[in-house]
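Accompanying notes for the structure given below.
Side chains included, hydrogens not; waters and symmetry mates left out as well; all remaining heavy atoms used. Every chain is numbered from 1, with letters handed out A, B, ... down the list of sequences.
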2 protein chains.
Amino acid sequence: MSADTRSKPNKGSGGENAGAPGSLEEAGGKSSLQRGLAILRLLASSNETGARLTDISRALDLTPPTVHRLLKILVEEGMAEADKATKRYRLGIDLFGLAAQAGNPNNLRDICRPILLRLSATLRDTIFLLVRSGFDAVCLDRSEGPFPIRSFTGDIGGRVTLGVGQGSLAIMAFLHEEEREEVIRFNLPRMQGVGIIDEVYLRTEIARVRDLGYASRSTGLLPGMSGVAVPVLDRDGHAVAALSVGTISERLNEERLPVVVDILKRESAAISRQLNPFDPVLRRPAAILGGGPA
Amino acid sequence: MSADTRSKPNKGSGGENAGAPGSLEEAGGKSSLQRGLAILRLLASSNETGARLTDISRALDLTPPTVHRLLKILVEEGMAEADKATKRYRLGIDLFGLAAQAGNPNNLRDICRPILLRLSATLRDTIFLLVRSGFDAVCLDRSEGPFPIRSFTGDIGGRVTLGVGQGSLAIMAFLHEEEREEVIRFNLPRMQGVGIIDEVYLRTEIARVRDLGYASRSTGLLPGMSGVAVPVLDRDGHAVAALSVGTISERLNEERLPVVVDILKRESAAISRQLNPFDPVLRRPAAILGGGPA
DNA sequence: CAAAAGCTTCCGATATGCGGAATAGATGGG
DNA sequence: CCCATCTATTCCGCATATCGGAAGCTTTTG
């Protein structure tokens, strides 16, 4: 980041593709790899409709021949797909397969999937699995409950500033001391308007969460909505993820809250156990290896 | 110029690792974009453990400085992550967020998620959502039922040759005529040993599936296992996906099969309806737009 | 049917990425 | 504790792969 300003005046007017607001993260620097990735990101942001070559060209400020060449490579590699009919490009399915493995340390996602299902069935609310990524929390998976609520954290792959939301707090509270400090320092300015803005209060909250073992507050982001989250700990007691429930406040009243917390904690512990499947003797993991998908 | 040919001119000669058959999928050609993507693929295949710089260097036959530079870019762009402690690289979470959008035409995945859940709960078996990708079917999503069965199609992102398995057949049967012919021509050789090898029989099967509206056979791949699948159709009556159930044969006997098929068809129709949310008058799709995840 | 916009190919100039070699850092063994 | 080995990182000159202007070709628009 920083310092790119390629001095391109950007011609601005163009206007029509209301698609990606603000973002427009400039071309992508210099290397063709960066440019290729920039194209992928652009495609991701316009996957609803797809993007045409010239759209990309304009948005990224690259010449059509360049975009054409890069797209050709991306398509050959399966990272993008061209709809020959409409001349629109979309992200390729290979990319999807690729990323099924991504952000999945220790197969966290796979391990949690059945647990999320169980939880959403039991609690009847939507359950989120969040992991830390830098200064954000990322939604790794989600399992919808029957109740029609949508947290803005909602989409899989979506990010929130660490510290905003209960899941985030649960993770924050169980980070290494120094990491937490770093996050707080970096994130406080980012939380303006969407989260806690007072450092003292934030620290109080974190201490409380650490103490109780769960985070639960009316978020204040959406009136009437509440959340409760517990951390998923590694064997050193540090957060690797969080399980979070988002629902309407009435469903997390004094009566029900302890029950929910209890269930969440139990499941979180189950996950932790699976994360460290480590039998002093037979410490061979799932390793089915061998065949390979060829 | 259909150009679909993934076979590249391949110049072969370069030669150093020409010897090793299998694995080692060559560096990735020439462009740095290709090399970068090759690295990502390698990381995906070794995400369990992570890969070190020299591992990558050797596996892809690139010099360490090159790998180092590319990795640096990938890390900066969030596509890879470096574990500074172990010196190992893994896929980055950004990639995951990226791909959450991928291979998701019309938000098929999002639309189907609750339906898969419902189905797996109702039928108590594992439900697969497959889409076509070139000459393969790709598993877009999966919802595990209580029964402990695993189809080899299992993993999200996994691919099967179109024509192998019931889901595949369901898709095949409802492709455009010409597309189907193309697929058959291309895939027959690929199905040796893992699927139907007789063209006449394959065509009979397809006709049958088309006629019945579902595919169901003991796959023969795993004795005792069966599958049943229905296509998900677009408004022209062509397959965009398939819903598939994999389970033990006993659970798809004459008595239960019709029930299952019926349920699947109903859900498939529900998906189709959502895919074409198109009211002659108010033909504005789901477009909630605006906010964006920012 | 003409005009415009978009897509693709070609090609020369040059910036970009490449890899050999040398440095710094980590790891392990004697 | 020090040395040998392996790995990661930096540097730099050379060459290649990439870029973009221009022009041909195709599709859409009016």
Check: What's the verdict on side chain to side chain contact (heavy atoms under 4.5 Å, CB included) for B:Arg52 and B:Thr86, showing C-alpha distance, side-chain angles and the deciding distance?
Finding: CA-CA 8 Å; B:Arg52 287 176 317 169; B:Thr86 64; over 6 Å; no

Next item on the list: Verify the contact: side-chain N or O of A:His68 to OP1 or OP2 of C:dT8, cut-off strictly under 4.0 Å; return yes or no.
Entry: yes

Notebook entry, point to check: Can you check the A:Leu53 CG to C:dG6 P distance for me, whole Å?
Noted result: 10 Å

Could you list, one pair per line, each protein nitrogen or oxygen that sits under 3.5 Å from a nitrogen or oxygen of nucleotides 28-30 of chain D, together with the distance?
none

Check: Just how far, in rounded Å, is P of D:dC6 from CD1 of B:Ile56?
Finding: 20 Å

Check: Is A:Glu81 close to A:Arg88 at the side-chain level, that is, under 4.5 Å between some pair of heavy atoms?
Finding: no

Next item on the list: May I ask you to evaluate whether B:Thr66 reaches the phosphate of C:dG19, defined as a side-chain N or O under 4.0 Å from OP1 or OP2?
Entry: yes

Next item on the list: Apply the test side chain to side chain contact (heavy atoms under 4.5 Å, CB included) to residues B:Val131 and B:Val232: give CA-CA distance (whole Å), side-chain angles for both, the deciding distance (0.1 Å), then the verdict.
Entry: CA-CA 9 Å; B:Val131 296; B:Val232 177; over 6 Å; no

Next item on the list: Look at the side chain of A:Arg52 and decide which nucleotide, out of C:dC7, D:dT7, D:dT10, has an atom nearest to it.
Entry: C:dC7

Check: Any sub-3.5 Å donor-acceptor pair from B:Asp234's side-chain atoms to B:Asp236's backbone N or O?
Finding: yes

Next item on the list: Please check if any side-chain donor atom of A:Ser272 sits under 3.5 Å from a side-chain acceptor atom of A:Arg235, or the reverse.
Entry: no

Notebook entry, point to check: In whole Å, what is the span from the CZ atom of A:Arg88 to the P atom of C:dG6?
Noted result: 11 Å

Short heteroatom pairs, N/O only, protein and nucleotides 21-25 of chain D, under 3.5 Å:
none

Note to self: I need the CG-C1' distance between A:Leu33 and D:dA17, as an integer number of Å.
What the structure shows: 14 Å

Item checked: A:Gln34 side chain to A:Ser31 backbone, donor-acceptor under 3.5 Å -> yes

Next item on the list: Could you work out which one of D:dA17, C:dG19, D:dT9 sits closest to the side chain of B:Arg35?
Entry: C:dG19

Checklist line | Spacing of A:Ile73 atom CD1 relative to D:dT18 atom C1', expressed in whole Å | finding: 9 Å

Checklist line | Whole-Å gap separating P (C:dC7) and CG (A:Leu71) | finding: 10 Å

Notebook entry, point to check: Shortest non-hydrogen contact from B:Ser133 to B:Arg159?
Noted result: OG-NH2, 2.8 Å

Check: Quick one: is B:Arg58 getting a side-chain N or O under 4.0 Å of the D:dT7 phosphate, OP1 or OP2?
Finding: yes

Next item on the list: Could you state the atom-to-atom distance from CG of A:Leu62 to C1' of C:dG6 in whole Å?
Entry: 17 Å

Item checked: Minimal non-hydrogen separation, A:Phe96 against B:Leu140, with atom names -> CZ-O, 3.2 Å

Item checked: Side chain of B:Ser32 - closest among C:dG19, D:dA8, D:dT18 -> D:dT18

Checklist line | Pair B:Thr63, B:Thr66: side-chain N/O donor-acceptor within cut-off below 3.5 Å | finding: yes

Next item on the list: Please state how far atom CD in B:Gln34 lies from atom C1' in D:dT18, giving the value in whole angstrom units.
Entry: 13 Å

Checklist line | Along DNA chain D (nearest heavy atom to each residue), the more 5'-positioned of B:Tyr89 and A:Lys87 | finding: B:Tyr89

Checklist line | Donor-acceptor contact present, side-chain B:Thr161 to main-chain B:Met191, <3.5 Å | finding: no

